[in-house]
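One-based numbering, in listed order, for ligands and for the atoms of each.
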Amino acid sequence: MFSALKGLTFDDVVLVPGYNGIKSRQLVTTTVSLKGRNFSLPLISSNMDTVTEDEMANTIGALGGMAILHRFLTIEQNVSMFNRITHKDSTGISIGIGEDGLVRAEALVAAGASIICVDVAHGHSKEVNRTIKSLRQKYKDNILVIAGNVATYAGADYLAAAGADAIKVGIGSGSVCTTRIKTGFGVPQLTALHECRKVDRVLISDGGIRYPSDAVKALAAGADFVMLGGMLAGTDETPGQIIEEDRQGKKVKFKRFRGMASKEAQDDYMGGMADWKTAEGVAIEVVAKGPVKAVIQDLMGGIRSGMTYCGAATIKDLQRKAQFMEVTQAGRVEGSPHAMGRLTH
Ligand code: 5GP
């Protein structure tokens, strides 16, 4: 008889409150370290072309998080963008596999980059292994290598063995991703993190964070950082113009946000969708959100509060103490706003 594994994601669980000995949520520390480098926020802005360029990187860097520039620009443009970065120590660059990726890495390392993200949709692959090994051989321990994406213990272990310092976890969980619809593949994000946590490397939870609570759950399930695309989309610091529209006499502002494997992105960067391929992402317009700082403050407020609900003074504490409980559909309904009346905010 056919049998299947069980996987859980954010909405399948809640965190069970535990004893708290911390006086105020102001007193928790959210600092995470990555090979001796400290980040006061466990957040990374995603390397998507509608999320992270120099403006986002500078703001996130100033706030204490990490940013990774996208790679959908020429190497020359990539270098001049990196030169505009004020927080170089907390800004990574991304590369693809093979010789092209290594040439891009070389130009950016020469410009001062020291965080390299080898970014491939299916990271558990031979070419990613080769690229990581080449980077390690060439730059030894002078650079930080982030590699992904994977969603299994075997995948994470493979990248760790190749020499990755941090592993990006998430297949098919992104807000503008259609991989699971197009291919049927993926692992619900919390189970993916729980599996990858068995590998002794820094873990980045990439994709699917919609609310502060998702970030708390991802960190509790083993992530050291959460990577954010959709949550930051539409903020002032993202690339792209504001689109203004009249809606019943009111001006509403939007910004574009798209998956890097969407047809639109493929049209822009790959000269169109090859006829042997299908899009694994979508392009949307999101309501403009204003300064990214406000989004980050709200998110960090939730993370700090969440930590005190289980008496965790640090992210590592949260991982040690967290207890998940699977919820029913009734439990989910109970846990979201359900008062009768008109919502006013
Ligand atoms: P979000 O925070 O928006 O839920 O997820 C962001 C992540 O989605 C990115 O960091 C990246 O890993 C993933 N992603 C971005 N574009 C695409 C795409 O077109 N297809 C897929 N499968 N994943 C994408």
With a 3.5 Å cut-off and no angle check, do the side chains of Gln77 and Thr74 form a donor-acceptor pair? yes

With no hydrogens and no angle check, just 3.5 Å: does a side-chain donor-acceptor pair link Asn20 and Thr308? no

Within a strict 4.5 Å, meaning less than it, do heavy atoms of the Val282 and Thr178 side chains meet? yes

Is the ring pair His124/Tyr158 parallel, tilted or perpendicular, if the boundaries are 30 and 60 degrees? tilted

On the 0 to 90° scale, with breaks at 30° and 60°, tag the Phe72-His70 ring pair as parallel, tilted or perpendicular. parallel

Going by ring-ring contact (aromatic ring centres under 6.0 Å, His included), name the residues that satisfy it together with Phe257, two or more places apart in sequence or in a different chain. none

For ligand 1, what is the set of protein residues having any non-hydrogen atom at a distance below 4.0 Å? Ser46, Met48, Asn149, Gly174, Ser175, Cys177, Thr179, Asp206, Gly207, Gly208, Met227, Leu228, Gly229, Gly230, Phe257, Gly259, Met260, Ala261, Ser262, Glu280, Gly281

